[in-house]
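Here is the structure we will look at.
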Amino acid sequence: MAEVANACGVSPSHLHLLFRREFSESPLASLNRIRMNRARQLLLNCYLSIGEIGFQCGFNQPHYFCRAFRKIHGCTPGEYRVALNRDHDKKVLSGDVPR
């Protein structure tokens, strides 16, 4: 944030204020939203571990990734993945998804 603010010729706090005013959320909240969107996409790939997904989304510790995911989605990444598979299986059985 400090580097971007310096490049723009403003203070980090002023850049934070401008960002929040423009996007209605803090830069950190925006970054976490983008990371969680990517995590949900990656959870569709059952060959990637939860730790690998967290790392690809910018979380160095799997435990922290799981906590952050649960805070936003109300469940762990593993629980989310199980629910995705359950929903997919229901669609296949009902004929909504080609086998």
Side-chain angles (χ1 to χ4, degrees):
M1 192 73 175
E3 288 180 38
V4 173
N6 189 37
C8 295
V10 296
S11 70
S13 60
H14 187 63
L15 180 61
H16 187 275
L17 175 70
L18 293 172
F19 191 96
R20 185 179 273 292
R21 194 178 293 158
E22 183 66 27
F23 298 106
S24 302
E25 66 183 356
S26 72
L28 184 57
S30 181
L31 176 62
N32 282 333
R33 183 177 43 75
I34 292 166
R35 285 176 169 175
M36 289 302 151
N37 287 342
R38 180 69 178 138
R40 287 194 313 273
Q41 291 172 346
L42 292 173
L43 284 166
L44 295 170
N45 182 342
C46 60
Y47 296 106
L48 293 174
S49 71
I50 301 297
E52 289 173 301
I53 291 170
F55 186 74
Q56 286 187 30
C57 294
F59 295 90
N60 293 330
Q61 299 294 322
H63 180 71
Y64 179 66
F65 168 61
C66 290
R67 271 194 346 210
F69 193 94
R70 177 181 286 225
K71 183 178 178 181
I72 291 173
H73 300 293
C75 63
T76 66
E79 292 167 343
Y80 186 87
R81 179 180 269 171
V82 168
L84 285 174
N85 289 333
R86 192 177 315 126
D87 289 344
H88 177 74
D89 291 346
K90 285 180 186 176
K91 289 178 183 177
V92 169
L93 290 173
S94 68
D96 291 343
V97 175
R99 293 180 190 211

Nearest 0.5 Å, what's the [atom1]-[atom2] distance between [X] and [Y]?
X: Met1; Y: Leu31; atom1: CE; atom2: CG; answer: 11.0 Å
X: Gln41; Y: Ile53; atom1: CD; atom2: CD1; answer: 11.0 Å
X: His14; Y: Cys8; atom1: NE2; atom2: SG; answer: 10.0 Å
X: Glu25; Y: Ser30; atom1: CD; atom2: OG; answer: 4.5 Å
X: Cys75; Y: Phe69; atom1: SG; atom2: CZ; answer: 5.5 Å
X: Ile34; Y: Cys57; atom1: CD1; atom2: SG; answer: 11.5 Å

Original post:
Applying the side chain to side chain contact (heavy atoms under 4.5 Å, CB included) test to Met36, which of Arg33, Arg40, Arg38 qualifies?
Top reply: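 Between Met36 and the candidates, side chain to side chain contact (heavy atoms under 4.5 Å, CB included) is satisfied uniquely by Arg40.
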
Original post:
Given Asn32 and Phe59, is the side chain to side chain contact (heavy atoms under 4.5 Å, CB included) satisfied, shown in steps?
Top reply: CA-CA 10 Å; Asn32 282 333; Phe59 295 90; 4.2 Å; yes

Original post:
Is the number of heavy atoms from other residues, nucleotides or ligands within 6.0 Å of CD (Gln61) greater than 12?
Top reply: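 No - once you tally the heavy atoms of other residues, nucleotides and ligands closer than 6.0 Å, there are 12 at most.
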
Would you mind writing out the side-chain donor-acceptor pairs for residues 77-84 within the sub-3.5 Å range, not counting sequence neighbours?
residue: Glu79; atom: OE1; partner: Thr76; partner atom: N; Å: 2.9
residue: Arg81; atom: NE; partner: Leu43; partner atom: O; Å: 3.2
residue: Arg81; atom: NH1; partner: Leu48; partner atom: O; Å: 3.0
residue: Arg81; atom: NH2; partner: Asn45; partner atom: O; Å: 2.9
residue: Arg81; atom: NH2; partner: Leu48; partner atom: O; Å: 2.8

Original post:
Among the clusters formed by ILVMFWY side chains lying less than 4.5 Å apart, do Val10 and Val4 turn up in the same one?
Top reply: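 Yes.
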
**OP:** Locate the shortest heavy-atom distance separating Ser26 from Ala29; write the atom from each residue and the value.
**Re:**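 Answer, listing the atom of Ser26 first, then Ala29: OG-N, 3.0 Å.
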
Subject >> Within-4.5 Å side-chain heavy-atom neighbours: Ile50 and Pro62 >> reply: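 SC-SC contact between Ile50 and Pro62 ruled out.
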
